[in-house]
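Okay, so here's the structure we're looking at.
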Amino acid sequence: VQGRIGILLASSELSAVPGSATTVSLVLLNQGLEDDVFQLFVEGIPSAWVATPSAVTRLAPGQQKEITLNIQPPRSTQSQAGRHPFTIQVGIQMSPGQRA
């Protein structure tokens, strides 16, 4: 994999029931030669649906860490059934323009 950011997801599709949380596990890997700070970004769904223990993770070169995201669409009459495509991106502090 090219670049300094490695990210592995167990699945590319999730299922969630309004009012219940779905957990997404991902593994971050620092493929660079220096310590770096990795930041998670979730786009395409409301930020209020997403919770994580920490959106920022510091990793040494070659170090990897499993991160969990909880996605919980609200139980509401305004919630719409169906597909809600979203992306999970990871950026790094040393190269702000690089994302995976």
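Nothing fancy with the numbering, it's 1 onward along the sequence. Computed from heavy atoms alone, side chains included, the values below leave out hydrogens, waters and symmetry copies.
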Inset, instruction - Would you mind listing every salt bridge (Lys or Arg N to Asp or Glu O under 4.0 Å) that reaches into residues 19-32, with sequence neighbours excluded? - result: none

Legend entry - Closest non-hydrogen atom pair between N30 and E34, with its separation: ND2-O, 2.9 Å

Legend entry - Side chains of F86 and I71 in contact at under 4.5 Å (non-hydrogen atoms): yes

Legend entry - For L29, side chain to side chain contact (heavy atoms under 4.5 Å, CB included) partners two or more places apart: Q31, Q64

Legend entry - Sequence-distant partners of T52, side chain to side chain contact (heavy atoms under 4.5 Å, CB included), two or more places apart: L40, A55, I67, L69

Inset, instruction - Provide the full list of salt bridge (Lys or Arg N to Asp or Glu O under 4.0 Å) pairs with a residue in residues 12-27, sequence neighbours left out, each pair given once. - result: none

Inset, instruction - List for me each residue that meets side chain to side chain donor-acceptor pair (under 3.5 Å) alongside N70, sequence neighbours excluded, and say none if there are none. - result: T23

Inset, instruction - May I ask you to list the residues sharing a hydrophobic cluster with V27, side-chain cutoff 4.5 Å, ordered by chain and number? - result: L8

Inset, instruction - Taking side chain to side chain contact (heavy atoms under 4.5 Å, CB included) as the test, write out the residues that go with V17, two or more places apart. - result: S20

Inset, instruction - Spell out, yes or no, whether V90 and M94 are grouped together once hydrophobic residues are joined by side-chain heavy atoms under 4.5 Å, including indirect joins. - result: no

Inset, instruction - Find the distance between CD1 (I5) and CG (L59) and round it off to the nearest 0.5 Å. - result: 10.5 Å

Legend entry - salt bridge (Lys or Arg N to Asp or Glu O under 4.0 Å) partners of residues 86-100, not counting sequence neighbours, each pair once: E43-R99

Legend entry - Side-chain donor or acceptor of Q98 paired with backbone N/O of G91 under 3.5 Å: no

Legend entry - Single-linkage hydrophobic cluster, 4.5 Å side-chain cutoff, L14 and V42 together: yes

Inset, instruction - Keeping to residues at least two apart or across chains, list the salt bridge (Lys or Arg N to Asp or Glu O under 4.0 Å) pairs with something in residues 53-62. - result: none

Legend entry - Heavy-atom closest contact (D36 atom, Q93 atom, distance): OD1-N, 3.3 Å

Legend entry - Residues that A16 engages under side chain to side chain contact (heavy atoms under 4.5 Å, CB included), provided they are two or more places apart: T22, P73

Legend entry - Distance-minimising heavy-atom pair for W49 and P74: NE1-CD, 3.0 Å

Inset, instruction - List, by chain and number, the other hydrophobic cluster members for V56, where Ile, Leu, Val, Met, Phe, Trp and Tyr join if side-chain heavy atoms come within less than 4.5 Å, directly or indirectly. - result: V37

Legend entry - side chain to side chain contact (heavy atoms under 4.5 Å, CB included) between L28 and L26, intermediate numbers included: CA-CA 7 Å; L28 297 179; L26 56 116; 3.6 Å; yes

Legend entry - Pairing residues for E66 by the side chain to side chain donor-acceptor pair (under 3.5 Å) criterion, not counting sequence neighbours: S25

